[in-house]
Amino acid sequence: PIEPWYIGGPVIKGFGRGSKVLGIPTANLPAENFSTILSEHTSGVYFGWAGLSTRGIYKMVMSIGWNPYFDNTEKTIEPWLLHEFGEDFYGEELRLAIVGYIRPEANFPSLESLIARIHKDGRIAEKALDLPIYAGYKDSPYLKNSM
Ligand code: ADP
Ligand code: MG
């Protein structure tokens, strides 16, 4: 188990590649606002709860790091909310409670293997967040602050 940590901000435009290339949208946060807290956490895949100011609270799985597959030069925060929205929510306030760690960042031999692994991460997050040790963070005041 990890010590939960909390970050939030307006959803910004990323590289436009989550949905289009992977079929997995990630609601990016401005990483430069969190350089200190990010440097304290190892790159990899985490899970937790996401609060969207006008919508509610959702399970999420998130990658933090350099996205080796895409050779990024900047660290990014890429939360995938485990919910079907049917529309974008750029600019909305997104609050995250990060409560668990799944795996380190890894490179993948193909896009298919990367996508398969992200879906598996999503299933792990779904299940883990129902466990009593993680479920309670859904009620973190920080997530609801903007609602
Ligand atoms: P970008 O590179 O601009 O982040 P993406 O292809 O990763 O583009 O799509 C992310 C956007 O899709 C988010 O900013 C959000 O507005 C929207 N979106 C819709 N559904 C979801 C979801 N389940 N999880 C995350 N973002 C979502
Ligand atoms: Mg994205």
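Order of listing sets the numbers, starting from 1, for every ligand and every atom in it. Please read these numbers as outputs of a predicted model, since none were measured by experiment. Numbering starts at 1 and runs along the sequence shown.
- Val99 and Ile133 fall within a single hydrophobic cluster, where Ile, Leu, Val, Met, Phe, Trp and Tyr are joined by side-chain heavy atoms under 4.5 Å apart, directly or via other members.
- Close approach of ligand 1 to Ser19 (heavy-atom distance below 4.0 Å) involves ligand atoms 5 (P), 6 (O), 9 (O).
- The nearest heavy-atom contact from the protein to atom 21 (C) of ligand 1 is Pro25 CG, 3.5 Å.
- For atom 20 (N) of ligand 1, the closest heavy atom belonging to the protein is Phe85 CD1, 3.6 Å.
- Only the side chain of Val11 comes within 4.0 Å of ligand 1, counting heavy atoms alone; its backbone N, CA, C and O stay farther away.
- The two atoms that bring Phe89 and Ala27 nearest to each other are CE1-CB, 3.8 Å, heavy atoms only.
- Contact of the Met62 side chain with the Val45 side chain is not registered, since no non-hydrogen atoms from C-beta on lie closer than 4.5 Å.
- Closest of all the heavy-atom pairs between Leu81 and Tyr58 is CD2-CD1, 4.2 Å.
- When Leu82, Asp88, Leu29 are checked for heavy-atom proximity to atom 17 (C) of ligand 1, Asp88 turns out nearest.
- Below 30°, between 30° and 60°, or above 60°: for Trp5 and His41 the angle between ring planes is below 30°, a parallel geometry.
- Contacts with ligand 1 closer than 4.0 Å are made by backbone heavy atoms (N, CA, C, O) of Glu87 only, the side chain lying farther away.
- Ligand-side atoms of ligand 1 in range of Lys13: 3 (O), range being under 4.0 angstrom from any heavy atom.
- At a heavy-atom distance under 4.0 Å, only backbone atoms of His83 (N, CA, C or O) approach ligand 1.
- Contact annotation: the side chain of Lys144 approaches that of Asp139 to within less than 4.5 Å [non-hydrogen atoms, C-beta and beyond].
- Any N or O atom pair closer than 3.5 Å counts here, and Phe89 shares at least one such pair with ligand 1.
- Protein heavy atom at the shortest distance from atom 13 (C) of ligand 1 is Ala27 CA, 3.8 Å.
- Scanning all protein heavy atoms for the shortest distance to atom 10 (C) of ligand 1 gives Thr26 O, 3.2 Å.
- Side-chain polar atoms of Ser39 and Thr36 form no donor-acceptor pair below 3.5 angstrom.
- For atom 23 (N) of ligand 1, the closest non-hydrogen atom on the protein side is Leu81 O, 2.8 Å.
- Closest protein heavy atom to atom 2 (O) of ligand 1: Gly16 N, 2.5 Å.
- Closest protein heavy atom to atom 4 (O) of ligand 1: Asn28 OD1, 2.6 Å.
- In summary, Glu93 and Arg55 do not engage in a salt bridge, as defined by a charged side-chain N under 4.0 Å from a carboxylate O.
- Between the side chain of Arg95 and the main chain of Tyr142, a donor-acceptor pair closer than 3.5 Å is present.
- The proximity of Phe15 to ligand 1, defined as any non-hydrogen pair under 4.0 Å, is limited to the backbone.
- Side-chain N/O atoms of Glu105 and Ser63 include no donor and acceptor closer than 3.5 Å.
- The protein heavy-atom contact nearest to atom 1 (P) of ligand 1 is Gly14 N, 3.3 Å.
- With the Mg ion (ligand 2) as vertex, Asn28 OD1 and Thr26 O subtend 80°, rounded to 10°.
- Remark: side-chain polar atoms of Ser140 are not paired, donor with acceptor, to backbone N or O of Leu143 under 3.5 angstrom.
- The nearest non-hydrogen atom to atom 3 (O) of ligand 1, considering only Trp80, Tyr58, Tyr90, comes from Tyr90.
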